[in-house]
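Notes follow the structure.
These numbers were taken from a predicted model, which means no experiment stands behind them. No hydrogens, no waters, no symmetry mates; every other heavy atom, side chains included, goes into these values.
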Amino acid sequence: MLRLSEFIRKALGEDRYRPFPGVILIWNLTNRCNLYCKHCYSSANQETKGELSLTDIERVAGELVEENVRFAILSGGEPLLRGDIYDIAEVLKGKGIKTYLSTNGLLINQDNVYRIRDSFDYVGISIDGTPEIHDSFRGKRHSFEEALNALRLCQRIGIKAGLRFTLTEQTAGSLPFIFELVEEIGVPKVYISHLVYSGRGQKLKDVDKKRYRELVEYIVSKAFEFVEEGKEVDIVTGNNEADAVVLLKEFEKRYPDKKEKLLEILRSWGGNQAGVRLVNIDYRGNVKPDPFFFHSLGSLRERSFSEIWNSNGLLSKLREKPRTIKGRCSNCPYLDICNGNSRARAYFSYGDYFAEDPACYI
């Protein structure tokens with residue numbers, strides 16, 4: 001994740017940037033969902049067979065702490081469809097792991113919102129454009145209205161809740177609307193995820209490269225605008241670390257005397273962290289470098305998390321610095337910033353986890 005606003009503030013300030021010292025876990029607790037979204041990387045449906053039980057999760061939780069997992073983003077499917085979701089959050093919090101909830105928002109209501117507040121340190125609710133675009137993208141009429149109501153309900157009772165948006169050809173035109181909405185309702189954070197070709201997302205298209213870069217330049221310009229005007233909105237992008245290059249170039253135009261500090265921050269951040277400071281567990285207990293990888297590193301039903309996370313092979317190659325990436329990436333001057341970008345996109349396009357990322361627009 002590229003924390004645009006935070007990096008701008010850090011580069012302009014006097015404090016030294018310290019990269020996140022632990023591991024972030026994205027845990028897809030269930031494959032069940034109450035929507036049928038066009039971009040869903042897990043192809044969520046109504047399948048429940050093979051879900052890890054609460055007992056399984058309790059067993060794994062201690063191993064996560066041993067491997068320095070500090071944050072757990074609980075996702076799905078729709079994680080609120082698990083009746084034991086609050087028990088799971090309690091187990092993780094009891095181990096000192098911060099819990100984030102990633103939800104479509106449709107199941108948040110007056111009956112559970114206070115328990116959500118007690119169980120999660122942050123809630124991310126997906127809104128993918130104007131009401132018409134969102135409803136079409138998510139496959140349900142009025143889902144925009146329900147998600148927005150959930151976001152406002154969370155805000156009213158003091159939950160730190162942000163907005164999540166996926167950038168695709170279908171949703172790209174809604175970016176100005178999203179930023180207007182963020183300001184209108186006072187959302188503290190907007191996370192913009194780039195499309196990864198996984199699950200149902202394989203059927204979607206990226207915008208063409210020229211427009212793609214223009215869209216990222218627009219996102220970066222909004223981050224500068226919010227920081228320079230003192231607006232407390234954090235803009236974060238994910239799944240396309242080429243965004244860091246656009247950030248660097250724009251920063252150099254505005255603050256040439258501070259460019260080296262931002263460059264130091266970006267190198268310290270390290271770009272794509274799949275298999276390094278990011279790990280995924282799917283609902284069946286398969287461990288992956290990130291949620292979009294086609295192959296599993298191993299199953300928690302057969303091996304411990306520690307054994308899997310410290311194994312050789314794919315993880316060793318992902319943890320090379322710099323990574324050995326083929327194609328255009330092999331001689332790119334920005335490899336030490338982006339770290340080769342999405343390996344899952346490379347695999348989908350070329351059958352090779354270490355080919356160039358086809359979605360790089362630089």
Flag the pair [X] / [Y] as yes when at least one side-chain heavy-atom distance between them is below 4.5 Å, and no otherwise.
X	Y	answer
L52	W27	yes
D282	N31	no
I192	D243	no
V233	F179	no
N341	N240	yes
E145	P131	no
P21	R70	yes
T99	I88	no

Are [X] and [Y] connected, step by step, through hydrophobic side chains (Ile, Leu, Val, Met, Phe, Trp, Tyr) whose heavy atoms are closer than 4.5 Å?
X	Y	answer
L29	V91	yes
L248	L2	yes
L74	Y100	no
F20	L262	no
Y361	V196	no

Donor-acceptor pair, [X] side chain versus [Y] backbone, under 3.5 Å?
X	Y	value
R117	I157	yes
R323	N339	yes
K261	K10	yes
R319	G275	yes
T30	G76	no
E228	F226	no
Y122	G162	yes
S136	I133	no
S119	R115	yes
S221	Y218	yes

Assess the residue pair E241 and W269 against the criterion (side-chain contact (heavy atoms from CB on, under 4.5 Å)); give the C-alpha distance rounded to whole Å, side-chain angles, the decisive distance to 0.1 Å, and a yes or no. CA-CA 11 Å; E241 284 75 16; W269 161 67; 3.5 Å; yes
Among R3, K189, K160, R9, find the one that has a salt bridge (Lys or Arg N to Asp or Glu O under 4.0 Å) with D234.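 Answer to the salt bridge (Lys or Arg N to Asp or Glu O under 4.0 Å) test with D234 among R3, K189, K160, R9: R9.
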Describe, in one word, how the ring planes of F144 and F177 are oriented to each other, choosing from parallel (under 30°), tilted (30 to 60°) and perpendicular (over 60°).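 Answer is tilted, since the angle falls between 30° and 60°.
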Parallel, tilted or perpendicular: rings of Y255 and F251 (30°, 60°):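 Rings of F251 and Y255: tilted, as their planes differ by 30° to 60°.
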Would you tell me whether N104 and S126 have side-chain atoms, one donor and one acceptor, within less than 3.5 Å of each other?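 No - no donor-acceptor pair under 3.5 Å links their side chains.
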Is there a donor in the side chain of E78 and an acceptor in the side chain of T103, or the other way round, less than 3.5 Å apart?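 Result is yes, a qualifying pair exists.
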Is the shortest distance from a Lys or Arg side-chain nitrogen in [X] or [Y] to a carboxylate oxygen in the other one below 4.0 Å?
X	Y	value
D56	R301	yes
E225	K222	yes
K93	D121	yes
R138	D128	yes

Report the residues that fulfil side chain to side chain donor-acceptor pair (under 3.5 Å) with K326, sequence neighbours left out, ordered by chain and then residue number.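 Partners of K326 under the side chain to side chain donor-acceptor pair (under 3.5 Å) test: D352.
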Which residues pass the side chain to side chain donor-acceptor pair (under 3.5 Å) test with S330, sequence neighbours left out?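 S330 satisfies side chain to side chain donor-acceptor pair (under 3.5 Å) with no other residue.
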Closest non-hydrogen atom pair between [X] and [Y], with its separation:
X	Y	value
P358	S349	CG-OG, 3.1 Å
R277	P19	NH2-CB, 4.3 Å
A274	D290	CB-OD2, 3.6 Å

Sub-6.0 Å ring centroid separation between Y17 and F7: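 Between Y17 and F7, the centre distance is under 6.0 Å.
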Answer with yes or no after comparing the ring centroid distance for Y347 and F293 against a 6.0 Å cut-off, counting only values under it.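 Ring centroids of Y347 and F293 are no less than 6.0 Å from each other.
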Rounded to the nearest 0.5 Å, what's the gap from [atom1] on [X] to [atom2] on [Y]? Could you check?
X	Y	atom1	atom2	result
H39	Y197	NE2	OH	15.0 Å
E51	N28	CD	CG	11.0 Å
L278	I26	CG	CD1	4.5 Å
K321	L335	NZ	CG	8.5 Å
L148	H142	CG	NE2	14.0 Å
Y86	N112	OH	CG	4.0 Å

For S342 and D357: C-alpha separation, side-chain torsions, deciding distance, then whether side chain to side chain donor-acceptor pair (under 3.5 Å) applies. CA-CA 6 Å; S342 172; D357 184 343; 4.7 Å; no
Evaluate W309 against L315 for side-chain contact (heavy atoms from CB on, under 4.5 Å), listing each step before the verdict. CA-CA 8 Å; W309 190 237; L315 283 177; 4.2 Å; yes
Report the C-alpha distance between V216 and H194 in whole Å, list the side-chain angles of each, state the deciding distance to 0.1 Å, and finish with yes or no for side-chain contact (heavy atoms from CB on, under 4.5 Å). CA-CA 10 Å; V216 174; H194 293 270; 3.9 Å; yes
